Amino acid sequence: MAISVKQMLEEANAVVIKITPAEAKEMIGKGNVLVLDVRDAPEVEKSGKVHGAVNVSRGMLEFRADPESPYYDKAFARDKTVILYCASGGRSALAGKLLRDMGYSHVYNVGGFKDWVDAGGAIEKPVL
């Protein structure tokens, strides 16, 4: 049976804990955290990103997160806390579920980039 995006999001939101920007800032302060921006490169170029975040578009996530992949990014480690965000929270929820399925156990969704900015979170400005 086919699955809808709505169902996929419901499943993702059931296993990936949603946190506030304040909670994310507290986790970041404790260290051993990967802040992950899963938006596409043009979005990041236009708006900037969370200070210190690694940008990996959702389409490349599996390849960057798997140590067996030739595209593995050493910023990923299963013992790290991973905090994801995108533009509105949907892609980050789906990406979080994927990481959980891949064995990452401390995965959180802070939602949208705008939520972070509105909460006064530090950002890296876009390169013009």
Side-chain angles (χ1 to χ4, degrees):
M1 176 177 250
I3 186 169
S4 70
V5 170
K6 180 181 176 188
Q7 291 168 310
M8 292 171 70
L9 284 168
E10 287 171 355
E11 288 177 14
N13 287 321
V15 297
V16 179
I17 297 169
K18 181 81 161 81
I19 60 173
T20 66
E23 291 169 317
K25 289 175 194 176
E26 186 176 323
M27 290 176 175
I28 292 166
K30 292 179 181 176
N32 200 35
V33 172
L34 169 62
V35 179
L36 188 57
D37 183 332
V38 295
R39 297 176 298 158
D40 293 332
E43 293 173 276
V44 177
E45 290 168 6
K46 183 178 178 182
S47 66
K49 63 180 184 165
V50 170
H51 179 74
V54 173
N55 174 238
V56 175
S57 66
R58 188 167 163 259
M60 286 298 294
L61 186 57
E62 295 92 330
F63 301 99
R64 300 283 191 230
D66 183 355
E68 302 298 316
S69 167
Y71 303 104
Y72 177 66
D73 184 330
K74 289 183 170 79
F76 286 83
R78 287 189 174 96
D79 69 330
K80 286 186 176 180
T81 296
V82 181
I83 299 172
L84 298 110
Y85 71 93
C86 61
S88 64
R91 286 177 287 179
S92 51
L94 295 171
K97 182 179 183 306
L98 173 76
L99 290 175
R100 294 283 309 233
D101 291 346
M102 292 180 73
Y104 290 81
S105 55
H106 307 289
V107 180
Y108 301 90
N109 180 6
V110 74
F113 179 69
K114 184 179 183 316
D115 300 325
W116 178 264
V117 172
D118 289 348
I123 66 167
E124 295 174 17
K125 298 283 186 184
V127 178
L128 302 176

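Worth saying up front: this structure is predicted, and the values here are computed from it rather than measured. Quick note: residue numbers are just sequence positions, from 1.
Other residues, nucleotides and ligands place more than 12 heavy atoms under 6.0 Å from the NZ atom of Lys18.
Of the possible polar contacts, one joining the Asn55 side chain to the Arg39 backbone as a donor-acceptor pair under 3.5 Å is found. Counting only distance, with no hydrogens or angles, the side chain of Asp40 and the backbone of Pro42 share no donor-acceptor pair below 3.5 Å. A donor-acceptor pair under 3.5 Å links the side-chain atoms of Tyr104 to the main chain of Ala65, judged by distance alone. No side-chain donor-acceptor contact under 3.5 Å links Asp37 to the backbone of Val50. Under the 3.5 Å distance criterion, the side-chain polar atoms of Lys97 are left unmatched by any main-chain donor or acceptor of Met8. Put simply, the side chain of Arg91 never gets that close to the backbone of Ser57: no donor and acceptor are under 3.5 Å apart. No donor-acceptor pair closer than 3.5 Å links the side chain of Asn13 to the backbone N or O of Ala93. Side-chain atoms of Glu45 do not come within 3.5 Å of backbone N or O of Pro126 as any donor-acceptor pair.
Proximity of Pro67 to Arg78: side-chain heavy atoms (C-beta onward) are separated by under 4.5 Å at one or more points. The side-chain heavy atoms of Val33 and Tyr108, taken from C-beta on, include no pair separated by under 4.5 Å.
Leu34 and Leu84 fall within the same hydrophobic cluster, defined by Ile, Leu, Val, Met, Phe, Trp and Tyr side-chain heavy atoms under 4.5 Å apart, directly or through other members. When the side chains of ILVMFWY residues are joined at heavy-atom separations under 4.5 Å, either directly or via intervening members, Val117 and Met27 end up in a single hydrophobic cluster. Val38 and Phe113 are not part of a single hydrophobic cluster, where members link through side-chain heavy atoms under 4.5 Å apart.
For the residue pair Tyr72 and Asp66, no side-chain donor N or O sits within less than 3.5 Å of a side-chain acceptor on the partner.
Trp116 does not carry Lys49 over the face of its six-membered ring by the limits of under 6.0 Å from the centre and within 45° of the normal.
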Check against side chain to side chain contact (heavy atoms under 4.5 Å, CB included), Leu61 and Leu99: CA-CA 8 Å; Leu61 186 57; Leu99 290 175; 4.1 Å; yes

